[in-house]
Asks: 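Quick one: the structure is below, questions incoming.
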Amino acid sequence: MALRFYNTMTRNKDDFQPIQTGKVRMYTCGPTVYNYAHIGNFRAYIFEDLLRRYLKFKGYQVVQVMNITDVDDKIIRDANKTGKSIREFTKSYQDAFFEDLDALGIERAEVYPAATDHIPEMVNLIKSLLDKGIAYRTDDGSIYFRVSDYPAYGKLAHLNIAEMQRGARVQSDEYEKEEIRDFALWKGWKDDDGPVYWETEIGKGRPGWHIECSAMSSKYLGKHFDIHTGGVDNIFPHHENEIAQSEAGTGEKFVNYWLHCEHLMVEGDKMSKSAGNFYRLRELLDKEIDATAIRYVLLSTHYRQKLNFTFDKVEAAAKSITRLRDFKKSLIGNTINDSQQIRKIIDKYLNDFEATLDDDLNISGALGSVFSCIHEINTFRETNSLTEDDVQAIVEYLNRIDSVLNVLEVPENQLSDEEQTLIDARQQARAERNWAEADRIRDELLSRGIILEDTPQGTSWKRKI
RNA sequence: GGCGACGUACCCAAGUGGCUAAGGGAGCGGUCUGCAAAAUCGUUAUUCACCGGUUCGAAUCCGGUCGUCGCCUCCA
C-alpha cells in the first residue's frame, strides 16, 4: 500500500508523492519563545517527530525546517516589562525548548531559523508584494496584504471570508487597514514597541507574524515544497495567510500536503496558554513523571484525534513501555539454528506495522501490531526455545520499529552505593533464608523506585517509570 | 450565526460496507516464585450514543435526534 496523508487542503487522504524522488522537504511551525512550552505544544512536535521518523523509515531523505518565532506582540510586551532586549529575553526559553525536545526524544530538524535572523528575507518578500500592488501602506508605517486581490483566499480553511461576520470582533484598531480581513505584513513602529524595531527599506518597524514562515520556508526549502504542518488552530488564519503571501509573491504553488494535528485537551477542554489550563513539560518532569511515558501518551493516539491528557494515561503508557522493554530484555537464545517460524512472524508483523502507518500514520494500529507480534513470539516460546538467530531477528525488528517509536531505549542509570548495599544485604538474607528481612529490604527499595525481580539467573533490578 | 470533528467494553483506543469488533491499561483465573513483584498464558462488547432508512449484508453509507469539543481572535 502506498503512503498517504490526510491533506487539509483537499480534505482527503491523498497518496504521497514527493516533488523530488526520494527526498521530502517539510516545514513545521515551531514555538513562540516567550515562555516554557506546554505539553499541548509538544503534542504537535511529537506528531511531527513521528512523521519525520516514519518518512525516514520509508527511506526518504528528510529536510525539515522549524521556525523559532522570537519577535511578536507578547515577546515585546514581556521583554519590555523586564527591561531586557528581546534577544536576551527569548534566549532562555529557546534553550529550554531544545532541552524539552531532547527529554521527549524528538529528533532534531535540519534547520531552526529564528525570525529575527531573517528580517532582510521578509523585507524582500514584502517589497515584491508592494511592487505587485497586492500590499499597501498605511499612515502609521504598517504594510497590509490586500485579501481582495487574492481571490483564492480561504481555500485551505474552507471559510467563506466574504461572508464571515464582520465586526463581531472589532479589533482594538491599533492599526488602520482597508478591510478587516486584511492582515499585517509589517507593523510600523509605535511607542509601546520601545527599542524593538528594524530600520529597513520599507520603513521602521517589525514583521507581522505570518511573513516569517513564508520567507524562511522559501529560503531553506524553495518556493514549492512537499509538506507543511502545524496545529489545527494554525489553519486559520496563519496558514491561510502564508499561502496568500507566498503564492501571491511567487506565483507558484506553495505546498503540496498540509497536515494538521488536533488539540490536546485537559479534562475535556482545549489546553492553551490563554485559557490557563495547561501543564508545562518541565513541571511534569519535576514531579518525577517519566518523559518517555509522556512521549508515549502524546504519540499513541492518532494525530487527528483530540487527545484528553490524564495521569491514568501516563501510568498506562509507562506500563506499556515497561512491557516492551522487558520483552527485549528477556530475549535469550540457546542454540544457533535458525527457525523459519520466527522470521515468518516478524515479517508478517513488520508488514502490518508499515501498512497501518502508511495509512495516514495510524499509530494505534501500528502499536497494536507490535503487541500482537510480541504475543505471538511469547506463545511460540512457551513450547520452543529461541535460537540465537531468532533473537537477532527479533532485536532487529524491535530496533526497526523503535526507529519510529523511540521508546525502547532505557536511560542510563546506575545504583547508588547505598542501593547496591541494600541489594547485597538482601541477597545475603535470602541465602540465609531470612525471608522477613529480604522482603523488608525489597519493600524499601521499591519505595525508592527500584523494582527487584528474582529469576533463576539471579536477581535483577530496574527503575520504576 | 457560519464551518467542522467526535460519541466503540470498567478506562484508553484501532477498525469506515461482508472473515470470530485490533491492541494497551485494569479486573478475574492459571503458570512461574520461598512468598511476592515482574513476566507470561487464558478470560472480560451477540455489540459499536439513540431513532429511522439504503443494502442480501452497516460500527462502517444516508437522514434525523441527543451529547461533547474545536475553528471563525493570539494559539500547536
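Atoms considered below: every heavy atom in the structure, side chains included; atoms not considered: hydrogens, waters and symmetry mates. Chain naming here is simple, since letters A, B, ... match the order of the sequence lines and numbering starts at 1 in each.
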Asks: So what does A:Leu264 touch, heavy atoms closer than 4.0 Å: a base, only the sugar-phosphate, or nothing?
Replies: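 Answer is base: heavy atoms of A:Leu264 come under 4.0 Å of a base.
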Asks: Once you measure the plane-to-plane angle for A:Phe57 and A:Tyr54, does it fall in the parallel (<30°), tilted (30-60°) or perpendicular (>60°) bin?
Replies: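 A:Phe57 vs A:Tyr54 ring planes: parallel.
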Asks: Under 4.0 angstrom, heavy atoms only, what part of the nucleic acid is A:His38 near: base, sugar-phosphate, or nothing?
Replies: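 The residue A:His38 makes base contact.
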Asks: Are A:His375 and B:G42 close enough that a side-chain N or O sits under 4.0 Å from OP1 or OP2?
Replies: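 For B:G42, OP1 or OP2 has a side-chain N or O of A:His375 closer than 4.0 Å.
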Asks: Show your reasoning for whether side-chain hydrogen bond (donor to acceptor under 3.5 Å, both in side chains) applies to A:Asp390 and A:Thr387.
Replies: CA-CA 5 Å; A:Asp390 291 339; A:Thr387 69; 3.2 Å; yes
Asks: For RNA chain B, whose closest nucleotide is more 5', that of A:Gly230 or that of A:Ala436?
Replies: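 Here A:Ala436 is the residue nearer the 5' end.
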Asks: Need one value for A:Arg323: base, sugar-phosphate or nothing, where a base atom within 4.0 Å counts as base even if backbone is also close, heavy atoms only.
Replies: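 Result for A:Arg323 = sugar-phosphate.
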Asks: Determine which nucleotide pairs with B:U47, using a 3.5 Å limit on both distances of a Watson-Crick or G-U wobble pair.
Replies: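 Paired with no nucleotide.
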Asks: For A:Met271, report the nucleic acid contact type (base, sugar-phosphate, nothing); a contact means any heavy atom under 4.0 Å.
Replies: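 Answer is base: heavy atoms of A:Met271 come under 4.0 Å of a base.
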Asks: Under the rule for side-chain hydrogen bond (donor to acceptor under 3.5 Å, both in side chains), what residues qualify as partners of A:Asp15, not counting sequence neighbours?
Replies: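 Residues passing side-chain hydrogen bond (donor to acceptor under 3.5 Å, both in side chains) with A:Asp15: none at all.
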Asks: Classify the nucleic acid contact of A:Lys462 as base, sugar-phosphate or nothing, counting any heavy atom under 4.0 Å across all strands shown.
Replies: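 Since only primed, P, OP1 and OP2 atoms lie under 4.0 Å of A:Lys462, the category is sugar-phosphate.
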Asks: Once hydrogens and angles are ignored, does a donor-acceptor distance under 3.5 Å link the base of B:C35 to the side chain of A:Arg442?
Replies: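 Yes.
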Asks: What's the CG-P distance between A:Leu324 and B:U40, to the nearest Å?
Replies: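 After rounding, the gap between these two atoms is 10 Å.
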Asks: What string of B, S and - do you get for nucleotides 6-11 of chain B, 5' to 3', if B is base contact, S is sugar-phosphate-only contact and - is no contact with any protein heavy atom under 4.0 Å?
Replies: ------
Asks: Could you tell me if A:Arg304 sits above the aromatic ring of A:Tyr6, with its cationic atom closer than 6.0 Å to the ring centre and no more than 45 degrees from the axis?
Replies: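 Output yes; distance and angle both within limits.
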Asks: Are there over 12 heavy-atom neighbours, none belonging to A:Glu432, within less than 6.0 Å of that residue's CD?
Replies: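 Above 12, so yes.
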Asks: Answer yes or no: does atom CD of A:Glu110 have more than 12 heavy-atom neighbours from other residues, nucleotides or ligands under 6.0 Å?
Replies: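 Atom CD in A:Glu110 is crowded, with more than 12 foreign heavy atoms closer than 6.0 Å.
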Asks: Quick one: label A:Lys313 by what it contacts on the DNA or RNA (base, sugar-phosphate, nothing), any heavy atom closer than 4.0 Å.
Replies: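 Answer is sugar-phosphate: A:Lys313 comes under 4.0 Å of backbone atoms only.
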Asks: Could you tell me whether the phosphate oxygens of B:A76, OP1 or OP2, come under 4.0 Å of any side-chain nitrogen or oxygen in A:His260?
Replies: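 Answer no for this pair, as no side-chain N or O of A:His260 is under 4.0 Å from OP1 or OP2.
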Asks: Parallel, tilted or perpendicular for A:His118 and A:Tyr220, by the 30°/60° rule?
Replies: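 Rings of A:His118 and A:Tyr220: perpendicular, as their planes differ by over 60°.
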Asks: At less than 3.5 Å, do the side-chain atoms of A:Asp352 and the base atoms of B:G23 form a donor-acceptor pair?
Replies: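 No, the side chain and the base share no sub-3.5 Å donor-acceptor pair.
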Asks: Under a 3.5 Å cut-off for both distances, is B:U16 Watson-Crick or wobble paired, and to whom?
Replies: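 In the structure as shown, B:U16 has no Watson-Crick or wobble partner.
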Asks: Verify the contact: side-chain N or O of A:Lys319 to OP1 or OP2 of B:A26, cut-off strictly under 4.0 Å; return yes or no.
Replies: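 It does, given that an N or O in the side chain of A:Lys319 lies less than 4.0 Å from OP1 or OP2 of B:A26.
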Asks: When we call it a touch if two heavy atoms are under 4.0 Å apart, what does A:His302 touch: a base, just sugar-phosphate, or nothing?
Replies: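 Sugar-phosphate only.
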Asks: Reading RNA chain B from 5' onward, which residue's closest nucleotide shows up sooner: A:Phe371 or A:Arg433?
Replies: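 The answer here is A:Phe371.
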Asks: Under 4.0 Å, heavy atoms only, any strand: does A:Phe42 hit a base, just the sugar-phosphate, or nothing?
Replies: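 Answer is nothing: A:Phe42 stays at 4.0 Å or more from every strand.
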Asks: Applying a 3.5 Å limit to both distances, which nucleotide forms a Watson-Crick or G-U wobble pair with B:G42?
Replies: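 Per the H-bond distance test, B:C28.
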Asks: Would the number of heavy atoms belonging to other residues, nucleotides or ligands and lying under 6.0 Å from NZ of A:Lys91 be above 12?
Replies: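 No, the 6.0 Å shell around NZ holds no more than 12 heavy atoms from other groups.
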Asks: Within the structure shown, what part of the strands sits under 4.0 Å from A:Pro237 by heavy-atom distance: base, sugar-phosphate, or nothing?
Replies: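 Sugar-phosphate, backbone atoms only, no base.
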Asks: Would you indicate what A:Arg463 reaches in the nucleic acid, counting non-hydrogen atoms under 4.0 angstrom: base, sugar-phosphate, or nothing?
Replies: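 Nothing, no heavy atom under 4.0 Å.
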Asks: Base, sugar-phosphate alone, or nothing: which one does A:Ile363 contact when heavy atoms must sit under 4.0 Å apart?
Replies: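 Nothing, no nucleic acid heavy atom in range.
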Asks: Using a heavy-atom cut-off of under 4.0 Å over every strand shown, decide if A:Ser330 touches base, sugar-phosphate, or nothing.
Replies: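 Nothing: the residue A:Ser330, judged by heavy atoms under 4.0 Å, touches no strand.
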Asks: Looking across every strand, which nucleic acid part, if any, lies under 4.0 Å from A:Glu382 by heavy atom: base, sugar-phosphate, or nothing?
Replies: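 Sugar-phosphate, backbone atoms only, no base.
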Asks: Select base, sugar-phosphate, or nothing to describe what A:Asn378 touches, counting heavy atoms under 4.0 Å on all strands.
Replies: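 Result for A:Asn378 = sugar-phosphate.
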Asks: Would you say NZ of A:Lys344 has more than 12 non-hydrogen atoms from neighbouring residues, nucleotides or ligands within 6.0 angstrom?
Replies: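 Check fails, neighbour count at 12 or below.
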